[in-house]
Amino acid sequence: MIRTRFAPSPTGELHIGGARTALFNYLFARSAGGEFLLRIDDTDAERSRKEYEARLLNDLHWLGLTWDAGPDIPSDTPLRQSERGEIYAQWMDRLREAGAVYPCFCTEERLTSLREGQTARGEPPRYDGRCRSLSPDEARRRMEAGERPCWRLALPEGYSAAFNDAVRGPQSFPAGTIGDFVVQRSDGTPTYLFASAVDDYLTGITHVIRGDEHVPNTARQLAIIDRMGWLRPVFAHIPMVLSADRRKLGKRTGSTPIREYRERGFLPEALDAYLATLSWTPEAEANPFDLASLAASFSLDKIAQSSPVHDEEHLLHWQREAIKQRGGEALAAELIAGEPRFAPFEERLAPIVADLLEEAPFLRDLNEALSFLWSRSDSEPREPWMPQLAAELAKLASWTPEAAEGLLRSFMKERGLKGRAFFHPLRRLLTGRDSGAPLPLVVFTLGREECAARLGLL
RNA sequence: GGUCCCAUCGUCCAGAGGUCUAGGACACAGCCCUUUCAAGGCUGCGACGCGGGUUCGAACCCCGCUGGGACCGCCA
């Protein structure tokens, strides 16, 4: 059974890059009839915040993603790393028993100057393995004296890692590229590298789909996985989404939180459809606004290897398409839900909404564009022919947009009025604006009485 | 600096040696439609980074260069 996971750290809000990683994991799992897990990687107690976790879940839900296991789903196995301390401790013991790790007493200062020296000499900065040669007795003595070491994985001599990436193909890391890395901090908590590998193993993750900034980590995690003799998951590193300045989409560089797009009125299906075009394209037959359809079209080997640039213009395009997709009927209902004053026009609202949504990509625009329905502008000048028009409108046999249009046209012709000379003052009076939906639709939506009232008949 | 990755219109994607005088979408420009602003329809603008190979033939394969990016934490 295919099983994927999205494992964000609750240290900030979900943004485009994270959402896209989550979506791809979701899509891949669903495309294979597998499971999608949500795990919270909060081993960094200092930076992790509970409120971010809640927001993460909220945003993910809003995007329409569902998971088969997650921190909000009751289970025997907690999916929050901060609650899995005992599990990591157990596996750390195994690592220790196997002699795969050693305690390191190096100070932060030494580590820093070590790095600086290496960098200055043009060497790759990495731990030099000094504490590896510490005798067990010495190590015990220092621990008993109160020193708190961190624990590093003892990389085999000449360790090099190779794996086959599902999107990037064969990858290899020459020996000597990485040094003995920390698996457990001196405060006893596991590092991401270790906790993540353990969890992926324990939860049966078959495919690790993540941003390609993690490629170097894979070599390290492979060292753990191989040392423990675990079955390796398939790794699929997807190109990171870049901001317009072509930098990593980070906290600082133009990474608008998903929450903000939501607040600005974007539709979740618009976000999903947009996200799906970043390094991937759904097949032509797929409905980009439907996650199931997207999933049916998804495949890892169709993911491009170059980094896409986040472009809000494109997002906006998908928003336009998505809102059209929703249709006048559904949108009219939402409009009323948000603004009760639209209620009186309920049964005539859909057509004008359908027309308007072509130019108004957001619900709030629709709201704005239609506010004339419940707010009259009585200060507009009335033309002498208006009461007569109102009278004819009142006698109209059937009240439909088509009938209204027919009457408007013939009335205009009979009076010898030119298009603009007729429509413009009418629009001003009826809506208080210079532009908007086609007048016949405006008239139809307002209704007989309201038209009569505004035209000065009553 | 080291390691790894990437390289098609301004942007997002197609393109898996001939069907490519490179296709679509967004943006932009023009035209049409039109009571208005839009939308829509049509047309246009616009790219295989450079240099070498391999091949009868290269956007697609190889090498080099250039450019861009990521990573090198007791962050994830």
Side-chain angles (χ1 to χ4, degrees), chain A residues 7-12 41-44 46-48 81 104 106-108 111-112 115 118-127 148-152 165 168-169 171-174 176-179 181-193 195-196 210-219 237 239-240 242 244 246-248 274 276-282 284 301-302 304-318 320-321 324 355-360 369 408-409 412 417-428 431 433-440:
Chain A
S9 291
T11 55
D41 282 11
D42 56 353
T43 59
D44 184 358
E46 210 142 289
R47 296 199 306 149
S48 295
Q81 292 191 325
C104 172
C106 291
T107 61
E108 208 180 311
L111 261 19
T112 305
R115 265 194 296 276
Q118 287 166 329
T119 307
R121 266 173 277 128
E123 295 167 16
R126 58 167 194 265
Y127 184 60
R148 298 268 67 119
C150 67
W151 290 75
R152 292 177 183 274
D165 192 293
R168 296 163 47 118
Q171 307 286 306
S172 64
F173 300 85
T177 315
I178 55 176
F181 56 93
V182 177
V183 288
Q184 186 181 66
R185 304 189 188 99
S186 46
D187 67 0
T189 59
T191 60
Y192 159 78
L193 256 11
S196 181
R210 57 186 0 179
D212 63 8
E213 70 268 30
H214 284 291
V215 170
N217 287 337
T218 305
H237 291 98
M240 275 182 302
L242 270 24
R246 295 200 165 273
R247 320 263 337 165
K248 178 179 178 178
Y274 167 67
T277 68
L278 265 24
S279 298
W280 179 57
T281 354
D301 56 20
K302 280 297 195 181
Q305 304 188 31
S306 52
S307 289
V309 172
H310 172 46
D311 185 349
E312 289 204 358
E313 199 74 56
H314 290 155
L315 210 204
L316 230 193
H317 165 248
W318 289 107
R320 288 200 183 91
E321 295 298 317
K324 278 186 212 170
D355 181 275
L356 244 25
L357 59 78
E358 298 275 328
E359 63 183 282
L408 250 31
R409 297 244 173 241
M412 177 173 76
L417 292 163
K418 285 287 177 203
R420 195 177 161 78
F422 174 66
F423 284 106
H424 187 69
L426 192 54
R427 180 184 297 283
R428 287 290 325 182
T431 73
R433 314 187 187 196
D434 295 314
S435 63
L439 242 350

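Values below: every heavy atom of this structure, side chains too, minus hydrogens, waters and symmetry copies. Note on naming: letters A, B, ... go to the chains in the order of the sequence lines (proteins, then strands), and numbering restarts at 1 for each one.
Residue-level contact check: A:S196 touches neither bases nor backbone, having no heavy atom under 4.0 Å from any strand. Contacts of A:T112 with the nucleic acid, taken as non-hydrogen atoms under 4.0 Å apart, are absent. Note on A:L408: nothing from the nucleic acid sits closer than 4.0 angstrom, heavy atoms only. Among the protein residues, A:P308 comes within range of the sugar-phosphate backbone only, with heavy atoms under 4.0 Å from sugar or phosphate atoms but none that close to a base. Residue A:P440 is classed as a base contact, given a heavy-atom separation below 4.0 Å to a base. Counting any heavy atom pair closer than 4.0 Å across all strands shown, A:N217 reaches a base atom.
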Under 3.5 Å, which protein N or O atoms sit close to an N or O of nucleotides 22-33 of chain B? Give each pair with its distance.
residue: B:rC26; atom: O2; partner: A:H314; partner atom: NE2; Å: 3.4

Please list each protein N or O that sits under 3.5 Å from an N or O in nucleotides 64-69 of chain B, with the distance.
residue: B:rG69; atom: OP1; partner: A:R247; partner atom: NH1; Å: 3.4

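Remark: A:F422 CZ to A:R409 CZ distance equals 9.0 Å, nearest 0.5 Å. Taken from CG in A:D44 to CD in A:Q81, the straight-line distance is 11.0 Å, to the nearest 0.5 Å. Between atom NZ of residue A:K248 and atom OG of residue A:S307 there is a gap of 11.0 Å, rounded to the nearest 0.5 Å. Note that the CG atom of A:D434 and the NE2 atom of A:H424 stand 4.5 Å from one another [nearest 0.5 Å]. Here the OG1-CG distance, from A:T431 to A:L439, works out to 7.5 Å after rounding to the nearest 0.5 Å. Taken to the nearest 0.5 Å, the OH atom of A:Y274 stands 7.5 Å off from the NE2 atom of A:H314.
Positionally, the nearest nucleotide of RNA chain B for A:T277 lies more toward the 5' end than for the other of A:T277 and A:P438. Along RNA chain B, the nucleotide nearest A:P174 and the nucleotide nearest A:Y192 are compared for position; the residue whose nucleotide lies closer to the 5' end is A:P174.
In this structure, A:R126 contributes its side chain and A:G176 its backbone to a donor-acceptor pair below 3.5 Å. Looking at A:R427, its side chain does come within 3.5 Å of a backbone N or O of A:A437 through a donor-acceptor pair.
The separation of B:rC65 from B:rC75, taken at their P atoms, amounts to 37 Å, rounded to a whole angstrom. A distance of about 11 Å separates the P atoms of B:rA22 and B:rG46, rounded to the whole Å. Here the separation of B:rC61 from B:rG67, taken at their C1' atoms, is 22 Å to the nearest Å. Nucleotides B:rC12 and B:rA58 place their P atoms 28 Å apart, quoted to the nearest Å. If you take atom P in B:rA47 and the same atom in B:rA59, they sit 15 Å apart, rounded to whole Å. Nucleotides B:rC4 and B:rC20 have their C1' atoms positioned 33 Å apart, rounded to a whole Å. A gap of 11 Å separates the P atoms of B:rA39 and B:rC26, to the nearest Å.
Pair assignment for B:rC28: B:rG44, on the basis of Watson-Crick or G-U wobble contacts that are both within less than 3.5 Å. Using N1 to N3 plus N6-O4 or O6-N4 for Watson-Crick, or N1-O2 and O6-N3 for G-U wobble, each under 3.5 Å, B:rG1 pairs with B:rC72. Pair check for B:rG57 finds none; no Watson-Crick or G-U wobble contact set falls under 3.5 Å. Pair check for B:rC20 finds none; no Watson-Crick or G-U wobble contact set falls under 3.5 Å. Pair assignment for B:rG67: B:rC6, on the basis of Watson-Crick or G-U wobble contacts that are both within less than 3.5 Å. Nucleotide B:rA38 is matched to nothing when pairs are restricted to Watson-Crick or G-U wobble geometry with both distances under 3.5 angstrom.
We find that CZ of A:R47 is positioned 14 Å from P of B:rC74, with the value rounded to whole Å. Regarding A:E108, its CD atom lies at a distance of 9 Å from the P atom of B:rC74, rounded to whole Å. Going from atom CG of A:L315 over to atom P of B:rC12 covers 14 Å, rounded to whole Å. In this structure, CD of A:E123 is placed 18 Å from P of B:rC72, rounded to the nearest angstrom. Here the P atom of nucleotide B:rU36 and the CZ atom of A:F423 are 9 Å apart, to the nearest Å. Whole-Å rounding puts the A:H214 NE2 to B:rC71 P distance at 10 Å. In this structure, A:W151 places its CH2 atom 14 Å from C1' of B:rC74, rounding to the nearest Å. Atom CH2 of A:W280 and atom P of B:rC13 are 12 Å apart (whole Å).
Residues passing the ring-ring contact (aromatic ring centres under 6.0 Å, His included) test with A:Y192, sequence neighbours excluded: A:H214.
Applying the 4.0 Å criterion to OP1 and OP2 of B:rG40, one finds that A:K324 has a side-chain N or O inside that range. Close to B:rC5, at under 4.0 Å from its OP1 or OP2, lies no side-chain N or O of A:Q305. Taking only side-chain nitrogens and oxygens, A:R433 never comes nearer than 4.0 Å to OP1 or OP2 of B:rC37. One finds a side-chain N or O of A:R409 lying less than 4.0 angstrom from the OP1 or OP2 phosphate oxygen of B:rU35.
A:V182 is listed as a side-chain neighbour of A:T191, based on a closest heavy-atom distance under 4.5 Å. A heavy-atom distance below 4.5 Å is found between the side chains of A:N217 and A:L193.
Of the N and O atoms on the side chains of A:H237 and A:T218, at least one donor lies less than 3.5 Å from an acceptor on the other residue.
Evaluation of atom-type donor-acceptor distances gives a pair under 3.5 Å for the side chain of A:S186 against the base of B:rC74.
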